[in-house]
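To start, the structure under review is shown below, and the notes come after it.
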Number of protein chains: 2
Amino acid sequence: MAYRETEKMRQRKAAVRQKITDCTYRCVAEGGFRNAKVTRIARMADVATGTIYRHFDSKEDLFAEIFRRATQHEVNKVADALAPPGDARERLERALRRFAERALEGPVMAWSLIAEPVDPKVEKERLAYRKAYADLFEQAIREGIEEGCIPDQNTRQSSTCLVGAVSESLVGPLSPSQTGQITTDKTDNNPLVDTIIRFCIQGLTGTRR
Amino acid sequence: MAYRETEKMRQRKAAVRQKITDCTYRCVAEGGFRNAKVTRIARMADVATGTIYRHFDSKEDLFAEIFRRATQHEVNKVADALAPPGDARERLERALRRFAERALEGPVMAWSLIAEPVDPKVEKERLAYRKAYADLFEQAIREGIEEGCIPDQNTRQSSTCLVGAVSESLVGPLSPSQTGQITTDKTDNNPLVDTIIRFCIQGLTGTRR
DNA sequence: CAAAAGAATGAATCATGATTCATTAAACTT
DNA sequence: AAGTTTAATGAATCATGATTCATTCTTTTG
């Protein structure tokens with residue numbers, strides 16, 4: 001017998017793979033999937049282009065993995081914001097705010113996840129992503145209805161309106177090229193976000209705060 | 001002297017040009033700008049690919065023209081809906097409904113105009129398009145504020161939220177490939193549209209109808 | 001260390017589609 | 001009808017970028 005994968009090798013391979021995914025993520029965050037050419041990723045990760053194909057069957061597969069990783073992260077953030085105690089309305093407001101702030105911090109990534117055209121395998125991931133958000137918001141709206149602080153309505157459709165209002169307002173206008181035209185101050189008192197949140201909550205509850 | 005363009009020729013050229021733009025429009029309506037390859041347009045219009053370059057400097061220019069044509073049409077439709085008498089709230093509701101119905105009738109075109117990534121020259125047209133919508137809605141909101149039927153607010157931002165909520169709800173979910181999964185009944189009593197409109201009006205006015 | 005196996009390389013190949021341009025056809029003018 | 005000018009043609013060329021694969025480098029094992 002002549003060769004068997006050793007632990008050291010396993011780790012080294014994992015490290016390379018990790019570097020590739022990290023660089024892909026960075027490329028996408030910078031300029032969307034359009035911007036993430038295999039050659040560029042390879043250069044950035046300091047490997048040969050062929051190496052990428054040793055770790056992934058195709059660019060599409062690589063992208064799908066990145067997409068999954070990114071969306072899990074985002075959805076978790078929003079889920080976290082929804083978790084703490086409070087009435088449904090408060091919690092929804094918190095979640096929307098988190099969603100909006102995340103989008104403002106990384107508008108290009110947000111746009112890529114929400115709206116950039118992608119290959120079929122990635123589109124499949126996107127469906128799951130949309131569903132995850134819709135489920136989160138829907139659940140909260142439903143709880144609000146039970147609690148009586150939100151009037152009865154089609155929860156799924158409302159949830160979609162929420163995502164639409166926020167994402168279009170924040171990432172739609174400055175979608176592809178023109179980044180950095182929005183004041184991305186880390187502090188969460190961005191008046192734009194406030195306006196959007198108010199619109200959403202009113203759309204949901206039909207009452208002015 | 002040897003040659004001077006005659007009326008007949010002028011008309012024939014105009015006809016060819018028209019045929020090219022028509023076919024481009026159809027291609028885009030079917031599958032977005034992605035789908036509108038020069039070769040396909042040429043085949044469809046029954047001209048040689050080179051002929052297209054006799055009428056347009058580049059594909060980008062052709063696209064820009066199509067985009068302009070399409071958006072003028074859409075914006076006019078919405079402006080029409082905004083024109084008839086009524087209080088601002090009624091008129092806004094009518095305009096939003098028109099906007100939504102148009103999007104439902106041609107979801108792919110709507111998506112192309114709103115969200116599909118396009119070349120710089122086309123993106124420039126899109127900015128004008130967005131602005132046209134924003135201006136329309138904004139003006140109506142402002143009138144509503146004066147009339148007292150809409151509370152004071154940032155009219156520009158609210159207007160963006162309107163466009164976002166509607167477009168995401170209608171064309172976002174079924175953006176690229178999967179058309180025809182929505183019940184596109186011509187009758188204007190689509191419950192999905194009703195839900196969205198209600199959400200928007202509430203978001204704007206803060207009152208349940 | 002030599003043999004064996006896997007990993008990495010990156011130039012070459014393929015695929016897609018826009019654009020060009022030498023050639024042909026058509027339209028005017030006298 | 002011959003000469004001149006513009007229009008149309010579509011195969012060839014260019015540009016971009018994904019993918020392959022013969023070759024080279026590393027690791028493992030006896």
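In what follows, chains carry the letters A, B, and so on, assigned in the order in which the sequence lines appear, proteins first and then strands, with residues in each chain numbered from 1.
- Within the structure, ring pair (Phe, Tyr, Trp, His ring centres under 6.0 Å) pairs that include any residue of residues 33-60 of chain A comprise F33(A)-F63(A) (at least two apart or interchain).
- The side chain to side chain donor-acceptor pair (under 3.5 Å) search around T71(B) returns none, not counting sequence neighbours.
- Across dA7(D), dT27(D), dA18(C), the shortest atom-to-atom separation from the side chain of M9(A) is found for dT27(D).
- Atom pair Y53(B):OH and dC14(D):C1' shows a separation of 12 Å (rounding to whole Å applied).
- In this structure, I52(B) atom CD1 and dA7(D) atom C1' are separated by 14 Å, rounded to whole Å.
- The separation between K59(B) atom NZ and dC14(D) atom C1' is 15 Å, rounded to whole Å.
- F63(A) places its CZ atom 7 Å from the P atom of dA18(D), with the value rounded to the nearest Å.
- Contacts classified as salt bridge (charged side-chain N to carboxylate O under 4.0 Å, His left out) and involving residues 50-64 of chain A (residues at least two apart or in different chains) are given here: D61(A)-K121(A).
- Pairs engaging residues 67-85 of chain A under the salt bridge (charged side-chain N to carboxylate O under 4.0 Å, His left out) rule: D22(A)-R69(A), R68(A)-E125(A), E74(A)-R102(A) [sequence neighbours left out].
- A donor and an acceptor atom, one from each side chain of S158(A) and Q153(A), are located under 3.5 Å apart.
- Rounded to a whole Å, the CZ atom of F56(B) is 16 Å from the C1' atom of dA18(C).
- Mapping E7(B) and E60(B) onto DNA chain C by nearest heavy atom places E60(B) at the nucleotide closer to the 5' end.
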For nucleotides 8-13 of chain C, list the nitrogen or oxygen atoms of the protein found under 3.5 Å from its nitrogen or oxygen atoms, one pair per line.
from: dT9(C); atom 1: OP2; to: A48(A); atom 2: N; distance (Å): 2.9
from: dT9(C); atom 1: OP2; to: T51(A); atom 2: OG1; distance (Å): 2.4
from: dG10(C); atom 1: N7; to: T49(A); atom 2: OG1; distance (Å): 3.4
from: dG10(C); atom 1: N7; to: G50(A); atom 2: N; distance (Å): 3.3
from: dA11(C); atom 1: N6; to: T49(A); atom 2: OG1; distance (Å): 3.4

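- The separation between R34(B) atom CZ and dA18(C) atom C1' is 18 Å, rounded to whole Å.
- Distance R10(B) CZ to dA26(C) C1': 17 Å, rounded to the nearest Å.
- Distance CG (D57(B)) to P (dT20(C)): 9 Å, rounded to an integer number of Å.
- Under the side chain to side chain donor-acceptor pair (under 3.5 Å) criterion, R17(B) pairs with E65(B), not counting sequence neighbours.
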